[in-house]
Amino acid sequence: MDGILVVDKPAGITSHDVVSRLRRILKTKKIGHTGTLDPFATGVMAVLVGKATRLAQFLDKDEKQYEATLRFGFETDTGDRTGSPKPILQNPKTVSIDEIRTVLEQFRGEIEQLPPMYSAKKVDGKKLYELARQGIEIERKSVQITIKKLELIDDKIADSLVQICVRCSAGTYIRTLAEDIARAAGGAAHLEALRRTASGKYGIDKSVSLEELQNHEEPASFLLPIRTAVESLPDFVVVADRVEKTRNGMSTRDLSGSFIDGEMVQMIDEAGKLIAIGYFLESEKVVQPKVVLS
């Protein structure tokens, strides 16, 4: 049982809860995921099953896409609807849809973002949200993120709510983005709802709910092939007498001139089965396994 499962996470449970339920449904312990979603958030979780867990490092940095609902009027201490309103921002300026549209431009491309206190980011070995729950706020360093797409979904404000579509680099905090957009327009807002519609190449259209998996006779039939996780990498075919050597971590000579120094490749057998992820060493003209799947 090896592959990628694209799960549509429901609201009200943690990402860890999703993994726990999947372990019971699929009857296997070897399950992991990339890209944590907050309990109130929904949408795509790329779940790795069996040997696919070895490929987490190739999915962790994937771009994400979200549909976010911002509620204007006040900020909360958590940056989303689960928190308490910040008293000093109870009566901000009323922001128009045109003002919001105008400020979106300054958030596209590479920008600096300050990680929120209510996040799992660690500083000196401590998770920020653990400190925040104790009423402790510490100094954080801004990080560079990339916003590739930032658009209004609806061209109006209804009941103080505005919906946006965001495609961004891994590590982007949408709750912080919501606050920053509102502040740039002279107002205040928090995240009312969040739905992840894509994680890398895995979109919501290919997802399955926990209920569907629970009720299906063969839940493993929803698994996508392992190779979908690294299909952007070029192929390197390992001939039959080198397959076992590759599994033992030995390199294989390549004189094709197809790769550049340090380039990551899929090491597949002649039947197209993924054996390992390797990298090309120009100095020795070999492909060296880095992550072996069996």
Any Lys148 side-chain heavy atom under 4.5 Å of Gln65 side chain: no

Between Ile174 and Cys168, is there a side-chain heavy-atom distance shorter than 4.5 Å? yes

Take atom NZ of Lys121 as the centre, draw a 6.0 Å sphere, and report whether it contains more than 12 heavy atoms from other residues, nucleotides or ligands. no

Side-chain (Tyr202) to main-chain (Ala229) donor-acceptor, under 3.5 angstrom: yes

Looking only at atom types and distance, does a side-chain atom of Gln266 sit under 3.5 Å from a main-chain N or O of Leu233, one as donor and one as acceptor? yes

Within-4.5 Å side-chain heavy-atom neighbours: Val44 and Val6: yes

Check step by step if side chain to side chain contact (heavy atoms under 4.5 Å, CB included) holds for Thr36 and His33. CA-CA 8 Å; Thr36 299; His33 72 87; 3.4 Å; yes

Distance, nearest 0.5 Å, that separates OG1 of Thr146 from CZ of Arg167: 12.5 Å

Quick check on Asp241: does its CG atom have over 12 non-hydrogen neighbours (other residues, nucleotides or ligands) under 6.0 Å away? yes

Rounding to 0.5 Å, atoms CG (Asp155) and CZ (Arg101) come to a distance of 4.0 Å

Using the side chain to side chain donor-acceptor pair (under 3.5 Å) rule, pick out the option among Thr76, Asp80, Thr78 that qualifies with Arg175. Asp80

For residues Lys64 and Thr172, determine if any side-chain heavy atom of one lies less than 4.5 Å from a side-chain heavy atom of the other. no

Under 4.5 Å between any side-chain heavy atoms of Val287 and Glu263, yes or no? no

Measuring only between side-chain heavy atoms, which start at C-beta, is Ile145 closer than 4.5 Å to Ile111? yes

Report yes if the side chains of Leu37 and Tyr66 come closer than 4.5 Å at any heavy-atom pair, otherwise no. yes

Search all heavy atoms of Asp77 against all heavy atoms of Gly83 and return the closest pair with its distance. OD1-CA, 3.3 Å

So which heavy atom on Leu194 is nearest to which on Ala68, and how close? CD1-CB, 3.9 Å

Strictly below 4.0 Å, N to O, side chains only: are Asp235 and Arg227 in salt-bridge contact? yes

Side chain to side chain contact (heavy atoms under 4.5 Å, CB included) evaluation trace for Leu26 with Leu5: CA-CA 11 Å; Leu26 297 176; Leu5 195 59; 4.2 Å; yes

Mind checking whether Ile25 and Val208 sit in one hydrophobic cluster, side chains of I, L, V, M, F, W, Y counted as touching below 4.5 Å? yes

Has the side chain of Lys201 got a donor or acceptor atom that lies under 3.5 Å from a matching backbone atom of Thr228? yes

Just do the side chain to side chain contact (heavy atoms under 4.5 Å, CB included) check on Leu70 and Leu191 with the steps written out, would you? CA-CA 5 Å; Leu70 285 58; Leu191 203 57; 4.3 Å; yes

Looking at Ala193, is its backbone amide N or carbonyl O close enough to the side chain of Arg71 to form a donor-acceptor pair, meaning the two atoms are under 3.5 Å apart? no

Report the distance from atom CG of Leu293 to atom CG of Leu274, rounding to the nearest 0.5 Å. 4.5 Å

Please determine whether a side-chain nitrogen of the Lys or Arg among Lys9 and Asp17 lies less than 4.0 Å from a carboxylate oxygen of the Asp or Glu. no

Taking every heavy atom of Ala189 against every heavy atom of Ala178, the minimum-distance pair comes out as CB-O, 4.4 Å

Rounded to the nearest 0.5 Å, how far does NZ of Lys285 lie from CG of Leu255? 7.5 Å

Please say yes or no: joined through hydrophobic side-chain contacts below 4.5 Å, possibly via intermediate residues, are Ile226 and Val49 part of one cluster? no

Just do the side chain to side chain contact (heavy atoms under 4.5 Å, CB included) check on Arg195 and Ile204 with the steps written out, would you? CA-CA 10 Å; Arg195 182 162 178 76; Ile204 197 71; 3.4 Å; yes

For Phe107 and Asp180, which heavy atoms make the closest approach, and how far apart are they? CZ-O, 3.4 Å

CD (Gln134) with more than 12 external heavy atoms under 6.0 Å: yes

Provide the closest heavy-atom pair for Arg54 versus Gln57 in the form atom of the first, atom of the second, distance. O-NE2, 4.0 Å

For residues Ser96 and Asp98, is any side-chain donor paired with an opposing acceptor at under 3.5 Å? no

Please state whether the rings of Phe259 and Phe280 are parallel, tilted or perpendicular, taking 30° and 60° as the class boundaries. tilted

Give a yes or no on whether a salt bridge exists between Glu105 and Arg108, defined as a side-chain N under 4.0 angstrom from a carboxylate O. yes

Please tell me whether Ile157 and Phe72 are part of a single hydrophobic cluster in this structure, the criterion being side-chain heavy atoms less than 4.5 Å apart. yes

Quick check against the 3.5 Å criterion: does Asp2 have a side-chain atom that pairs as donor or acceptor with the backbone of Lys51? yes

Measure the spacing between OH of Tyr279 and CD of Gln288 and express it to the nearest 0.5 Å. 5.0 Å

d(Thr197 OG1, Asp205 CG) to nearest 0.5 Å is 9.5 Å

In one Ile/Leu/Val/Met/Phe/Trp/Tyr side-chain cluster, 4.5 Å: Val95, Phe74: no

Thr53 and Gly32: which non-hydrogen atoms are nearest, and at how many Å? CG2-N, 3.9 Å

Donor-acceptor pair, side chain of Asp8 and main chain of Ser209, under 3.5 angstrom: no

Short question: side chain of Gln113, backbone of Tyr173 - any donor-acceptor pair under 3.5 Å? yes

Is there a donor-acceptor contact under 3.5 Å from the side chain of Arg242 to the main chain of Asp269? no

Do Leu55 and Ile4 sit in the same hydrophobic cluster, where Ile, Leu, Val, Met, Phe, Trp and Tyr count as joined when their side-chain heavy atoms come under 4.5 Å apart? no

Side chain to side chain, Ser199 and Met45, heavy atoms closer than 4.5 Å: no

